[in-house]
2 protein chains.
Amino acid sequence: MKDDTAPVLTPMLRKLTLWAHLDADDERALLGLPHSLVTVPRDEPIVREGDRISHCWLVLSGFCARYKDVGDGGRQIVSIHMTGDLVDLQNALLGIADHGVLTLTACDMATFPVEAVRELTNSRPAVKDALWHDTLVDASIHREWVANLGRRDAPTRIEHLLCEFALKLEAVNLGEQLNYELPMTQHQLADATGLTVVHVNRVLQALARDGLIERVTPRSVLIGNWKRLAAAGDFRSDYLHLGSLKSRSRHR
Amino acid sequence: MKDDTAPVLTPMLRKLTLWAHLDADDERALLGLPHSLVTVPRDEPIVREGDRISHCWLVLSGFCARYKDVGDGGRQIVSIHMTGDLVDLQNALLGIADHGVLTLTACDMATFPVEAVRELTNSRPAVKDALWHDTLVDASIHREWVANLGRRDAPTRIEHLLCEFALKLEAVNLGEQLNYELPMTQHQLADATGLTVVHVNRVLQALARDGLIERVTPRSVLIGNWKRLAAAGDFRSDYLHLGSLKSRSRHR
DNA sequence: CGTTTGGTTGACGAAGCTCAAAGCCGGTGG
DNA sequence: CCACCGGCTTTGAGCTTCGTCAACCAAACG
């Protein structure tokens with residue numbers, strides 16, 4: 001609960017300082033946010049659409065997703081989150097949840113009372129700016145997803161998602177991530193790309209057949225040739241606004 | 001340029017005060033933002049993806065849209081804006097545009113230098129909160145669009161969009177809007193719903209045939225039975241976060 | 001070992017796309 | 001005032017992508 005404990009919140013700090021100048025006091029204040037730590041098993045709904053939100057969640061390890069349910073029983077994943085991501089800040093600030101959150105894998109998470117976040121942002125403008133920026137980047141990613149779902153065919157959509165995933169992984173790990181394990185089932189992948197499981201399955205096989213990825217297990221993704229996959233997936237990383245990240249130069 | 005001119009910026013103010021408490025000084029400061037007025041003809045790109053943004057735009061009258069171009073020459077509209085909407089605030093705050101903006105109809109617009117907005121938000125925390133909230137609502141709408149494109153079929157998508165449009169119109173006009181003229185061509189409607197012109201055309205006819213809307217001209221939309229259309233379009237207005245708006249109770 | 005969960009396959013059908021042409025204004029210029 | 005033009009809408013025919021349904025398989029787990 002205090003910043004003399006191990007600084008579990010540093011992943012968040014690292015992400016925020018990507019795009020805002022925080023002085024030592026700001027950082028201390030952020031790391032000192034009152035929080036509790038929770039481990040959530042995989043495939044667990046953390047928040048449901050319609051909930052009144054009093055806490056917001058930070059992913060410390062593992063993966064989770066935000067989603068919306070639609071009338072006919074379908075589900076659409078609207079974004080995917082990993083270490084350092086403040087999930088549900090948006091729900092928290094808006095008061096009532098317009099979307100749900102679920103874990104894709106088991107996750108270590110920290111939760112903050114919204115009021116603590118509010119107080120923090122009110123007392124430290126730089127922190128407010130950083131969090132605002134964070135939500136703006138989320139919105140930018142949403143826009144790209146809109147384009148992805150609206151105007152790209154199934155293979156392109158999946159390729160695009162795989163690229164996004166690789167880059168985000170790289171951003172949190174500070175290393176190359178051309179070889180990773182997808183933290184979701186094909187069903188969830190379908191829910192993220194607006195397709196059906198069956199079709200996702202076939203497209204993944206096609207991608208492997210075309211040499212765009214290699215799969216040793218069903219979930220594993222090895223990107224042999226980044227440029228080729230990015231081109232096929234119509235992927236340009238700009239929308240992630242990772243500007244200052246070194247990797248950006250490499251992944252045009 | 002001063003608040004002794006006619007308060008052209010009031011539509012924006014009205015929208016922002018929907019969800020934030022602004023005191024008299026805040027309001028004065030907002031209305032006093034240095035701006036210039038521009039009339040933009042219809043179908044004009046105001047901002048292009050990749051532009052470095054120094055100004056942000058406010059719609060005073062008319063309609064415009066934010067869009068992204070995709071690799072194969074397609075275009076996806078990611079949101080639609082009307083009187084009182086601050087379009088491009090997001091691009092402005094992020095620095096370089098991750099999406100374009102174009103006018104759907106001729107528009108009267110005001111432009112502000114970003115720095116002026118920055119100064120304002122820094123000196124008046126309540127204004128910053130209001131603008132932040134505004135961008136959060138935009139993000140919520142993006143999420144709904146993701147769900148719309150990913151998990152609803154063509155008729156449902158279009159019905160949903162028609163509902164959203166009606167409610168937003170109502171929000172700015174403070175009156176019922178079950179009868180309006182769509183400010184876009186079927187081609188643009190297709191770009192908003194991820195469909196083709198041809199299919200949009202056929203679906204619109206089907207909606208009319210089913211009595212969900214009436215069309216006296218190709219663009220006109222008359223909603224005879226809101227509840228039926230909303231049900232068919234899987235439309236729940238919550239994601240618009242119009243909470244305090246009276247109309248909400250009527251349109252469940 | 002059964003059971004469960006996720007992945008894979010095949011046959012079939014439908015929603016939506018493509019291409020191509022024709023109709024329908026409203027505007028413009030002769 | 002009429003003929004023409006260009007942008008938008010509408011129509012039809014044929015095709016493709018993706019969805020549905022229904023199994024079957026493989027690994028993981030108790």
Side-chain angles (χ1 to χ4, degrees), chain A residues 41-44 63 65 70 72-77 102-106 148-159 161 181-210 213-221 232, chain B residues 41-44 70 72-76 102-106 148-161 181-210 213-221 232:
Chain A
R42 164 212 133 92
D43 211 15
E44 193 83 7
F63 297 88
V70 304
D72 65 351
R75 158 170 298 184
Q76 176 66 43
I77 289 178
L102 60 80
T103 53
L104 296 172
T105 64
N148 204 34
L149 292 166
R151 281 289 180 238
R152 298 203 258 251
D153 64 13
T156 318
R157 273 185 226 179
I158 293 181
E159 288 151 4
L161 185 65
E181 202 73 11
L182 266 181
M184 44 185 150
T185 65
Q186 292 182 4
H187 187 82
Q188 292 164 337
L189 195 50
D191 283 345
T193 49
L195 303 166
T196 55
V197 209
V198 175
H199 201 58
V200 164
N201 184 288
R202 297 201 229 261
V203 170
L204 283 176
Q205 290 178 57
L207 297 190
R209 211 175 308 123
D210 297 349
I213 60 173
E214 259 172 74
R215 316 190 315 143
V216 317
T217 72
R219 307 272 189 100
S220 73
V221 174
Chain B
R42 165 211 130 92
D43 212 16
E44 192 84 5
V70 303
D72 65 352
R75 159 170 299 185
Q76 177 67 42
L102 60 81
T103 53
L104 296 173
T105 64
N148 204 33
L149 291 166
R151 282 289 181 239
R152 297 203 259 252
D153 64 12
T156 317
R157 273 185 226 178
I158 293 182
E159 288 150 3
H160 193 278
L161 186 63
E181 202 72 10
L182 265 182
M184 45 184 149
T185 66
Q186 293 182 6
H187 186 81
Q188 290 164 337
L189 196 49
D191 284 345
T193 49
L195 303 166
T196 56
V197 210
V198 175
H199 201 58
V200 164
N201 184 287
R202 297 200 230 262
V203 170
L204 283 176
Q205 291 178 55
L207 297 190
R209 210 175 308 124
D210 297 349
I213 59 173
E214 259 173 74
R215 317 189 315 141
V216 316
T217 73
R219 307 271 189 100
S220 74
V221 175

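Predicted model only: the values in this text are computed from it and were never measured. Side chains are part of it too, since the values below use all heavy atoms of this structure and drop only hydrogens, waters and symmetry mates.
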Students often get this wrong, so: under 4.0 angstrom with heavy atoms, is [X] touching a base, only sugar-phosphate, or nothing?
X: G194(B); result: sugar-phosphate
X: R215(A); result: sugar-phosphate
X: V198(A); result: base

Tell me the interatomic distance from [X], atom [atom1], to [N], atom [atom2], rounded to whole angstroms.
X: R42(B); N: dG27(C); atom1: CZ; atom2: P; result: 12 Å
X: D153(A); N: dT17(D); atom1: CG; atom2: C1'; result: 9 Å
X: H199(B); N: dC17(C); atom1: NE2; atom2: P; result: 6 Å
X: N201(B); N: dG7(D); atom1: CG; atom2: C1'; result: 15 Å
X: Q188(A); N: dG6(C); atom1: CD; atom2: C1'; result: 11 Å
X: R219(A); N: dA26(D); atom1: CZ; atom2: P; result: 18 Å
X: I158(A); N: dG7(C); atom1: CD1; atom2: P; result: 13 Å
X: L195(B); N: dG16(C); atom1: CG; atom2: P; result: 7 Å

Closest approach of [X] and [Y], non-hydrogen atoms and distance?
X: A192(A); Y: L161(A); answer: CB-CD2, 4.2 Å
X: G194(B); Y: L149(B); answer: N-CD2, 3.8 Å
X: T156(A); Y: A232(A); answer: CG2-O, 3.4 Å

Is Q205(A) near enough to dT9(C) that one of its side-chain N or O atoms lies under 4.0 angstrom from OP1 or OP2? yes
Report task. Report yes or no: do E181(A) and T217(A) form a side-chain donor-acceptor pair below 3.5 Å? Result -> yes
Between T185(A) and R151(A), the residue closer to the 5' end of DNA chain C by nearest nucleotide is T185(A)
| said: Under a 3.5 Å distance rule, please check whether T193(A) uses its side chain to pair with a backbone N or O of I158(A) as donor and acceptor. | reply: no
*asked:* Please check: side-chain N/O of S220(A) versus main-chain N/O of R215(A), any donor-acceptor pairing under 3.5 Å?
replied: no
- Query: Between the base of dG10(C) and the side chain of R202(A), is there a donor-acceptor distance below 3.5 Å?
  - Reply: yes
One would report the end-axis bend of the helix from dC1(C)-dG30(D) to dG30(C)-dC1(D), five pairs per end and rounded to 10 degrees, as 30°
Quiz item: Ion pair present between R151(B) and D191(A), side-chain N to carboxylate O less than 4.0 angstrom?
Solution: yes
When D43(B) and T196(A) are each assigned the nearest nucleotide of DNA chain D, the 5'-most assignment goes to D43(B)
